[in-house]
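Structure, as structure tokens:
Note that these values count all heavy atoms, side chains included, but never hydrogens, waters or copies made by symmetry. We name chains A, B, ... by the order of the sequence lines, and we start the count at 1 in each one. What you are looking at is a predicted structure, and each value in this text was computed from that prediction instead of being measured.
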Protein chains: 2
Amino acid sequence: MLFSKAGEYGLQVVLHLAAGQHDGFVTVRELADRCDIPFHFLSKICGRLAQAGILHSSKGPAGGVCLARPATGITLLEVVQAIDGLDGFDRCVLGLEPCDDGLPCPMHDHWHRLKEGVLEMLSGRNLGELADDLLSGNTTLNKEKTPAG
Amino acid sequence: MLFSKAGEYGLQVVLHLAAGQHDGFVTVRELADRCDIPFHFLSKICGRLAQAGILHSSKGPAGGVCLARPATGITLLEVVQAIDGLDGFDRCVLGLEPCDDGLPCPMHDHWHRLKEGVLEMLSGRNLGELADDLLSGNTTLNKEKTPAG
DNA sequence: CCAATAATAGACTAAAGAGTCCGAAATCTG
DNA sequence: CAGATTTCGGACTCTTTAGTCTATTATTGG
Ligand code: SF4
Ligand code: SF4
């Protein structure tokens, strides 16, 4: 709907990483297991995130990945940008040439406002805040819903 | 981003049809030409729209398609529903199981509001109003931007 | 009825997205 | 240094979406 599968996975992992308060590296394998993401696929995604300077990575035993910067300095927007790119946000809803030069179709304004909303959602708060939100206990991320039932 | 290619085409055509105030049938070929959509592809799309009761169609000479109901009784939501379905609107942004049972992740509220916005955009106004908007002259749909330049 | 026309249906091809596999290269341990 | 471990890179397969082609059916006009 809004993000590619790779984008979704990237967000999940980065959120997971921020909320996990690990000190060292976490292996991609472990992340894949925890988040139930195909390992090799996630491998690639982490590669892109590393290249984009969002993750640090180290090979070999005791290696893995971790956030490259303090979580408070990373926005979700960076993450989706690194994976999906931001082109989609410049596109017309109807797939036409962008015609915002004063001749908008009836949907343009509404759509534009929605896009702004998404961008705001992605850039408004940083990973740190979201992680705090997670850690405060009234939110979950893992698929396994509290097995209390 | 938001709709499939087929969905985008469907919206274009239906909007075009509503604004074109044709009395009889319009051939799919003509629609495809005007909107610059692959003919055979649009053929299928119109098929689905016809099955969904949004278009009427007639074979043979002087045949073609036309809106099955007055434009004021058709919403964009019906159109995308007929083509893309509405499943995407029930999905979680992160691709997880929906967990709105009181344990929302930090993005849920924001995303939910955005989805509502899209649905409102699609269902809020009917084809007739949009067509009027088009006809009033301050909006365009065709790709060929006013060749005044 | 006959021929032309246009939608309909379904098989088919092309391209993109999602996911897998394997062979490096780097890093740690001993 | 040897061997285990883990990321990195590219090639590969599978699935879905996009787009093409062909045959069929219904309709109109002569
Ligand atoms: S005005 Fe309408 S057709 Fe043009 S870019 Fe905006 S949404 Fe698309
Ligand atoms: S709460 Fe978060 S993870 Fe759960 S369905 Fe909503 S957006 Fe998705």
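If you check every strand for non-hydrogen atoms under 4.0 Å, B:Val28 touches sugar and phosphate atoms only.
For B:Glu116, the salt bridge (charged side-chain N to carboxylate O under 4.0 Å, His left out) criterion is met by no residue, not counting sequence neighbours. A:Arg48 pairs by the side chain to side chain contact (heavy atoms under 4.5 Å, CB included) definition with nothing, not counting sequence neighbours. A search for ring-ring contact (aromatic ring centres under 6.0 Å, His included) contacts involving A:Phe39 returns nothing, not counting sequence neighbours. With sequence neighbours excluded, the residues satisfying side chain to side chain contact (heavy atoms under 4.5 Å, CB included) with A:Leu86 are A:Leu77, A:Val80, A:Gln81, A:Phe89. With sequence neighbours left out, B:Lys115 forms a salt bridge (charged side-chain N to carboxylate O under 4.0 Å, His left out) with no residue at all. Remark: A:Phe25 pairs with A:His56, A:Ser58, A:Cys66 by the side chain to side chain contact (heavy atoms under 4.5 Å, CB included) rule, at least two apart or across chains. By the salt bridge (charged side-chain N to carboxylate O under 4.0 Å, His left out) test, B:Lys44 is found to be paired with no residue, residues two or more places apart in sequence or in another chain being considered. Looking at residues two or more places apart in sequence or on another chain, you find no salt bridge (charged side-chain N to carboxylate O under 4.0 Å, His left out) involving B:Glu120.
Taking atom CZ of B:Arg29 as the reference point, atom P of C:dA7 lies 9 Å away to the nearest angstrom. Distance B:Asp36 CG to D:dG19 C1': 14 Å, rounded to the nearest Å. Rounding to whole angstrom units, CD of residue B:Glu30 and P of C:dA7 are separated by 10 Å. The separation between B:Glu8 atom CD and D:dA18 atom P is 8 Å, rounded to whole Å. The interatomic distance linking A:Arg48 (CZ) with D:dG10 (P) rounds to 12 Å, in whole Å. A:Leu49 has its CG atom 13 Å from the P atom of D:dG9, to the nearest Å. Computed from coordinates, the A:Gln51 CD to D:dT7 C1' distance equals 12 Å when rounded to whole Å. The CG-P distance, from B:Leu42 to C:dT8, rounds to 11 Å in whole Å.
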(request) Would you mind building the protein contact string for nucleotides 24-30 of chain D? One character per nucleotide, 5' to 3', B for base within reach (heavy atoms under 4.0 Å), S for sugar-phosphate only, - for untouched. (result) -BBBB--

(message) At under 4.0 Å between heavy atoms, how does the protein contact nucleotides 11-23 of chain C? Give one character per nucleotide, 5' to 3', with B, S or -.
(response) B------SBBBB-

(request) Give the dot-bracket string for DNA chain D, reading 5' to 3', where a pair is Watson-Crick or G-U wobble with both distances under 3.5 Å, ( ) marks pairs inside the strand, [ ] marks pairs crossing earlier ones, | marks a partner on another strand, and . marks unpaired. (result) ||||||||||||||||||||||||||||||

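The side chain to side chain donor-acceptor pair (under 3.5 Å) analysis of residues 61-80 of chain A, with sequence neighbours excluded, yields the pairs A:Arg69-A:Glu78.
For the OP1/OP2 pair of D:dT5 and a distance below 4.0 Å, the side-chain nitrogens and oxygens of A:Thr27 include no atom meeting the criterion.
Side-chain atoms of B:Asp84 come within 3.5 Å of backbone atoms of B:Ser4 as a donor-acceptor pair (strictly under, hydrogens ignored).
Atoms CG and SG, from B:Leu2 and A:Cys92 in turn, are 11.0 Å apart once rounded to the nearest 0.5 Å.
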